[in-house]
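Worksheet: one structure, shown below.
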Amino acid sequence: MSKEVLYSSTRGDKGCIKASQAILRGLAPDGGLYVPDHIPHLEKTLGEISGLSYQETAYEVMKLLLTDYTEEELKYCISHAYDSKFDTEEIAPLSEAGGAYFLELYHGATIAFKDMALSILPYLMTTAAKKNSIQNEIVILTATSGDTGKAALAGFAEVPGTRIIVFYPKHGVSPIQEQQMVTQKGQNTCVIGIEGNFDDAQTGVKKIFTDPELAKYMDSKGFQFSSANSINIGRLVPQIVYYVYSYGKLLKEGRIAEGDPINVVVPTGNFGNILAAYYAGKMGVPIAKFICASNSNKVLFDFFKTGEYDRNREFVLTSSPSMDILISSNLERLIYHIAGDSSETDAKYMKELADNGKYEITPAMREQLKNFYGGYATEEETYKTIADLFNNASYLIDTHTSVAAAVYNKYKEETGDKTVTVIASTASPYKFTRSVMNALSKGDDNKDDFALADELCALSGVAIPDAVTSIRNAEIRHKTVVEKTEMESAVKSFLGI
């Protein structure tokens, strides 16, 4: 029997709580993120894992980190999350193209990798509420740079005992992403555009979360906040699964031998997806390099290069909007770990970030990052990589995946490293149809994104996902747009308090 995993705040609130309580809270009261007190090793060998289905792999990973869930509860959550809502039986297929293996994480209901975790989070959360005798209605409060919003809305729509409010940058997502969100059905759903960027939305959400007076007021009205962002450990744990699964898949197909190292490339904005790979490594997956791919908002590239995190720079809107982020929230968890699990050190850096917009880690901490490689791709490189992969390998990718592929190409050129590599393919090309068509020199400013989707389908032979066809003529239900200073009022208005 493995030891129970307890969770505490990265910033020093040392009250160790159970996994279900951390999932319900989302964010610690001191503004920190919940981290496990230890990271357990996989109980099965990688050889044994290679024979498991996605659902079975999920159980093997999640039972070790969500230790206060019973076997029955976890298996219920997993079986209801990873079912026919995915359009491939495998859940997360691996496709070989251009000298790498693309881990396709976009076969869920909203055609982005966020589905991998947000299909299960509502089940984990409602189970947690029952386990902890929660009487309040849970209000999921989320900031999105495009993908989390729709995936969270789809997961929580009409889930009893919950409401969900999503804030997104009104002018900072793709037309398909926006249409997916504003047409969302469900009496318990609310989508609000803000006049600002994703960092403004995320900062506003965190501020609402950590306001003790507001929490008291909410409680008096029968509500409590939780989060569907990757700041919630219940979002992060399910993401570890697909890295474990991809290793097992490579092993099963004879692409590697048991124990062989692999590299992982992740297009990175908020740092949650690559942190999940880091945790998979800690659990026993032999990952040699964590290749962190940024777009023109290259705050993480600069961090890995210099040891200084500095968000004081121009915010750039790119063709990979889900990565248009200057404050990568989940990096805080990594900072905590490389500081020797020191909440004191982490809190100091986060205060510096809040006060001055930057901090610099010590040489000893930088030494702990030697398995990380930071790279970035320009818009031109992003477009060229989409075209090259399609023209040379008949493989179609979206802009975010292209950032990762472009950075991987640079990494290979720079290092000569021939290690088998998995690239996290994070969204369907149809989520960013206009950009993909522009990359293939087939764009047309006179056509809307749906007409372009038809043309992309004819050109590539890749079917248009139901997530796109179903919103083509859907009714727009959410029309609210507010200033970033009005977010709290908008929340109260939706809740009728």
Side-chain angles (χ1 to χ4, degrees), residues 10-11 27-28 30-33 142-148 167-173 194-210 227 229-231 266-275 278 290 292-339 343 345-362 365-366 369 372-379 400 403 407 483-485 487:
T10 48
R11 299 189 192 178
L27 195 66
D30 60 5
L33 278 58
T142 292
T144 185
S145 54
D147 289 338
T148 288
F167 290 98
Y168 74 98
K170 174 65 185 164
H171 309 291
V173 299
I194 67 155
E195 296 293 353
N197 59 39
F198 170 73
D199 289 327
D200 296 323
Q202 183 165 252
T203 300
V205 162
K206 282 185 173 179
K207 190 172 170 222
I208 293 169
F209 254 116
T210 51
S227 172
N229 279 89
S230 54
I231 55 175
V266 187
T268 311
N270 221 16
F271 209 76
N273 203 2
I274 195 165
L275 185 74
Y278 173 78
F290 302 93
C292 176
S294 300
N295 63 18
S296 300
N297 292 289
K298 55 188 182 68
V299 63
L300 287 165
F301 166 77
D302 292 335
F303 169 71
F304 285 114
K305 197 174 165 194
T306 66
E308 182 179 62
Y309 192 94
D310 185 356
R311 66 170 171 83
N312 301 312
R313 62 185 68 207
E314 185 192 352
F315 184 92
V316 185
L317 289 173
T318 73
S319 61
S320 46
S322 300
M323 298 160 66
D324 290 348
I325 294 173
L326 294 180
I327 304 172
S328 302
S329 280
N330 269 290
L331 184 63
E332 178 170 351
R333 285 186 168 111
L334 184 65
I335 295 296
Y336 169 86
H337 291 310
I338 64 173
S343 54
T345 304
D346 177 75
K348 176 174 80 81
Y349 286 136
M350 294 309 121
K351 186 173 187 317
E352 284 177 25
L353 183 65
D355 293 348
N356 312 314
K358 59 182 180 181
Y359 60 84
E360 187 170 1
I361 62 172
T362 64
M365 289 170 73
R366 282 191 72 185
L369 296 176
F372 281 85
Y373 170 93
Y376 76 96
T378 64
E379 287 290 87
H400 302 74
V403 168
V407 167
E483 296 296 327
K484 59 188 179 185
T485 53
M487 290 169 64

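Remember, predicted model here, so these are calculated numbers, not experimental data.
No donor-acceptor pair closer than 3.5 Å links the side chain of Glu308 to the backbone N or O of Asp302. In terms of modelled atom types and a separation under 3.5 Å, the side chain of Thr148 and the main chain of Thr144 share no donor-acceptor contact. Side chain of Asn295 to main chain of His400: no donor-acceptor pair is present (N/O by atom type, distance under 3.5 Å, no hydrogens or angles). With hydrogens and angles ignored, the 3.5 Å screen pairs no side-chain donor or acceptor of Glu352 with any backbone N or O of Gly357. No side-chain donor-acceptor contact under 3.5 Å links Thr485 to the backbone of Glu483. Looking at Asp30, its side chain does come within 3.5 Å of a backbone N or O of Gly32 through a donor-acceptor pair. Side-chain atoms of Asn356 never come within 3.5 Å of backbone atoms of Leu353 as a donor-acceptor pair (strictly under, hydrogens ignored). Between the side chain of Arg333 and the main chain of Gly272, no donor-acceptor pair closer than 3.5 Å is present. Counting only distance, with no hydrogens or angles, the side chain of Tyr309 and the backbone of Ser328 share a donor-acceptor pair below 3.5 Å.
With rounding to the nearest 0.5 Å, the separation of CZ in Arg366 from CZ in Phe304 is 10.5 Å. Note that the CG atom of Leu33 and the CD1 atom of Ile335 stand 12.0 Å from one another [nearest 0.5 Å]. To the nearest 0.5 Å, atom NE2 of residue His337 and atom CE of residue Met365 are 11.5 Å apart. Interatomic distance, CZ of Phe303 versus CG of Leu331, reported as 5.0 Å (0.5 Å rounding). Atom CG in Leu334 sits 9.5 Å away from atom CG in Asn330 (nearest 0.5 Å). Rounding to the nearest 0.5 angstrom, the gap separating the NZ atom in Lys358 from the CG atom in Asp310 is 5.5 Å.
In this model, a donor atom of one side chain and an acceptor atom of the other lie less than 3.5 Å apart for Ser329 and Lys206. A side-chain donor from one of Glu379 and Ser319 sits under 3.5 Å from a side-chain acceptor of the other.
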Item to complete: Could you check Thr268 against Met323 for side chain to side chain contact (heavy atoms under 4.5 Å, CB included), going step by step and ending with a plain yes or no?
Response: CA-CA 6 Å; Thr268 311; Met323 298 160 66; 5.5 Å; no
Worksheet entry | Steps toward side chain to side chain contact (heavy atoms under 4.5 Å, CB included) verdict (Met487, Lys207) | CA-CA 10 Å; Met487 290 169 64; Lys207 190 172 170 222; over 6 Å; no
Item to complete: Please assess Cys292 against Ile274 for the test side chain to side chain contact (heavy atoms under 4.5 Å, CB included), listing each intermediate value before the final yes or no.
Response: CA-CA 7 Å; Cys292 176; Ile274 195 165; 3.6 Å; yes
Discussion item. The test is side chain to side chain contact (heavy atoms under 4.5 Å, CB included); show your working for Phe301 and Val407 and say whether it passes.
Written reply: CA-CA 11 Å; Phe301 166 77; Val407 167; over 6 Å; no
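Taking every heavy atom of both residues into account, Ile327 and Asp199 meet most closely at N-OD1, 3.2 Å. Closest heavy-atom contact between Asp346 and Thr10: OD2-O, 3.1 Å. Nearest approach of Gly172 to Leu317, heavy atoms of both residues: CA-CD2, 4.1 Å. Scanning all heavy atoms of the two residues, the minimum distance from Phe209 to Ser227 falls at CZ-CB, 3.5 Å. Taking each heavy atom of Asp355 and Lys351 in turn, the nearest pair found is OD2-NZ, 2.6 Å.
Residue Lys305 places its NZ atom among 12 or fewer non-hydrogen atoms of other residues, nucleotides or ligands, all under 6.0 Å distant.
Contact of the Asn197 side chain with the Ile325 side chain is not registered, since no non-hydrogen atoms from C-beta on lie closer than 4.5 Å. Residues Val205 and Thr142 fail the side-chain proximity criterion, which asks for heavy atoms closer than 4.5 Å. Residues Tyr376 and Ser296 form no side-chain contact, since every pair of their non-hydrogen atoms from C-beta on lies 4.5 Å or further apart. Residues Tyr359 and Met350 are in side-chain contact: their nearest non-hydrogen atoms beyond the backbone lie under 4.5 Å apart. Side chains of Ser294 and Leu300 form a contact here, defined as non-hydrogen atoms less than 4.5 Å apart. Residues Ser145 and Tyr168 form no side-chain contact, since every pair of their non-hydrogen atoms from C-beta on lies 4.5 Å or further apart.
A tilted orientation is assigned to the rings of Phe372 and Tyr278, their planes being inclined by 30° to 60°.
Across Asp324, Asn270, Asn297, Val173, a single residue satisfies side-chain contact (heavy atoms from CB on, under 4.5 Å) together with Phe198, and that is Asn270.
Applying the salt bridge (Lys or Arg N to Asp or Glu O under 4.0 Å) test to Arg11 and every residue at least two apart in sequence or in another chain returns Glu332.
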